[in-house]
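For ligands, and for the atoms within them, numbers begin at 1 and follow the listed sequence. Atom set for the values below is all heavy atoms of this structure, side chains included, hydrogens, waters and symmetry mates excluded.
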Amino acid sequence: MSDIRRNIEKIRATLPDGVTLIAVSKYHPIEAIAEAYDAGGRDFGESKAQDLRIKQQALPKDIKWHFIGHLQSNKIKYIAPFIHLIHSIDTLRLLQEVDKHAAKAGRVIPCLLQIHIAEEETKFGFTPDECRAMLDEGSWRKLKNIQIRGLMCMASNTDNDVQIKEEFAAVKALFDEIREKHFSGDGSFDTFSAGMSDDYPIAIEAGSTHIRVGSNIFAV
Ligand SMILES: *Cc1c(COP(=O)(O)O)cnc(C)c1O
């Protein structure tokens, strides 16, 4: 059995029902993704739009591609025709741009709002208050070619599990608050993307529905 297959099977065996494993294949070649696909993987995450486009063209068409990196407006065109979920919306402006490209592609693109909760300043995303203000302002409701499906976050890069747990819990509380306030009675706000190789068990305890695991699968 290949290492990639063994890694995927090992992680999958620990996942509760309803949690989707996204194999983060950024920086890994098409052959590695094909191996993960043969092991049953259908959800893959990439952080560069042009790389993603090349991989999408080369690999089976039933793969669900997730965009998880910082997205620049001028790169949306590479992924708009096929992207399954954009996890990293960090401004209203970007949401508006995605909406335009989605309209051109004749699609509705599911999106997550990225929440900045980690202590590192280098991570992108809305602060909780910026996110509340953006949703309260309401102009996003006019965008007919995007659908806001939930929130994404990254915890601080630390060995302190208590801190990580508190950060995930804070974003889950924000998720519940937003769902209640802006999406009540409509089941579409249902995705909480949290957890990576080092912290996904903590994220699952906090209510993550989508974990994004790279090195634990591909760095073998
Ligand atoms: C790279 C990346 C991951 C995967 O990280 P690993 O530690 O390799 O599991 C998950 N989410 C985002 C946003 C990433 O950029």
Side-chain angles (χ1 to χ4, degrees), residues 3-15 19-29 32-33 35-36 39 41-53 55 63-72 75-76 78-79 83-91 94 98 110-127 131 149-161 163-165 167-168 170-172 174-175 191-220:
D3 287 342
I4 289 175
R5 174 182 289 270
R6 200 171 53 224
N7 294 342
I8 287 183
E9 289 181 354
K10 200 166 126 198
I11 295 167
R12 226 189 249 136
T14 70
L15 299 187
V19 176
T20 300
L21 171 61
I22 299 167
V24 175
S25 50
K26 65 184 186 199
Y27 316 134
H28 297 286
I33 303 174
E35 257 187 76
R42 292 296 179 274
D43 290 85
F44 291 91
E46 289 279 334
S47 58
K48 297 264 190 295
Q50 276 143 303
D51 291 352
L52 176 46
R53 176 93 179 124
K55 289 173 174 176
I63 289 178
K64 295 173 192 157
W65 292 101
H66 297 254
F67 192 84
I68 63 169
H70 181 59
L71 184 57
Q72 292 165 281
K75 304 284 171 64
I76 300 168
Y78 295 112
I79 61 172
I83 197 75
H84 176 71
L85 180 63
I86 297 176
H87 292 232
S88 44
I89 298 294
D90 56 5
T91 60
L94 179 60
V98 170
C111 292
L112 305 180
L113 306 176
Q114 180 171 351
I115 304 302
H116 181 113
I117 194 87
E119 59 196 14
E120 294 91 4
E121 295 206 345
T122 50
K123 288 179 179 158
F124 291 99
F126 296 97
T127 65
C131 184
R149 294 295 301 264
L151 303 181
M152 182 272 247
C153 68
M154 273 185 273
S156 295
N157 188 6
T158 171
D159 291 332
N160 183 345
D161 285 357
Q163 180 180 348
I164 293 172
K165 194 173 165 175
E167 290 176 353
F168 286 143
V171 180
K172 179 57 164 62
L174 180 66
F175 177 91
T191 303
F192 177 34
S193 168
M196 317 187 353
S197 289
D198 288 338
D199 57 20
Y200 73 83
I202 305 175
I204 289 171
E205 272 183 48
S208 173
T209 63
H210 288 64
I211 60 170
R212 311 177 308 268
V213 179
S215 34
N216 278 13
I217 293 174
F218 292 104
V220 286

Within-shell test, Asp198 vs ligand 1, heavy atom, strictly < 4.0 Å:
no

Nearest-contact summary for atom 13 (C) of ligand 1 - protein heavy atom, Å
Ile68 O, 3.5 Å

I need the atoms of ligand 1 closer than 4.0 Å to a non-hydrogen atom of Val213, numbered in the order shown.
9 (O)

Are Asn216 and ligand 1 in contact, using a heavy-atom cut-off of under 4.0 Å?
no

How are the rings of Phe124 and His70 set relative to one another: parallel (under 30°), tilted (30 to 60°) or perpendicular (over 60°)?
parallel

Please list the nearest protein heavy atom to atom 5 (O) of ligand 1 with its residue and the distance rounded to 0.1 Å.
Met196 CE, 3.6 Å

Under a 4.0 angstrom heavy-atom cut-off, which atoms of ligand 1 come close to Ser215?
6 (P), 7 (O), 8 (O), 9 (O)

Report the nearest protein non-hydrogen atom to atom 11 (N) of ligand 1: residue, atom name, distance rounded to 0.1 Å.
Arg212 NE, 2.8 Å

How many angstroms lie between CG in Leu71 and NE2 in His87, if you round to the nearest 0.5 Å?
12.5 Å

Identity and separation of the nearest protein heavy atom to atom 9 (O) of ligand 1:
Ser197 OG, 2.5 Å

Flag the pair Tyr200 / Leu21 as yes when at least one side-chain heavy-atom distance between them is below 4.5 Å, and no otherwise.
no

How are the rings of His66 and His210 set relative to one another: parallel (under 30°), tilted (30 to 60°) or perpendicular (over 60°)?
tilted

Atom 3 (C) of ligand 1: the protein heavy-atom neighbour that sits closest, reported with distance to 0.1 Å:
Lys26 NZ, 3.8 Å

How does His87 reach ligand 1, by side chain, by backbone, by both or by neither, if only non-hydrogen atoms under 4.0 Å count?
neither

Any donor-acceptor N/O pair, Glu167 side chain to Ser156 backbone, under 3.5 Å
yes

Checking Ser208 side chain against Ala194 main chain: does a donor-acceptor pair fall under 3.5 Å?
yes

Would Ile79 and Trp65 satisfy side chain to side chain contact (heavy atoms under 4.5 Å, CB included), going step by step from the backbone distance to the final call?
CA-CA 9 Å; Ile79 61 172; Trp65 292 101; over 6 Å; no

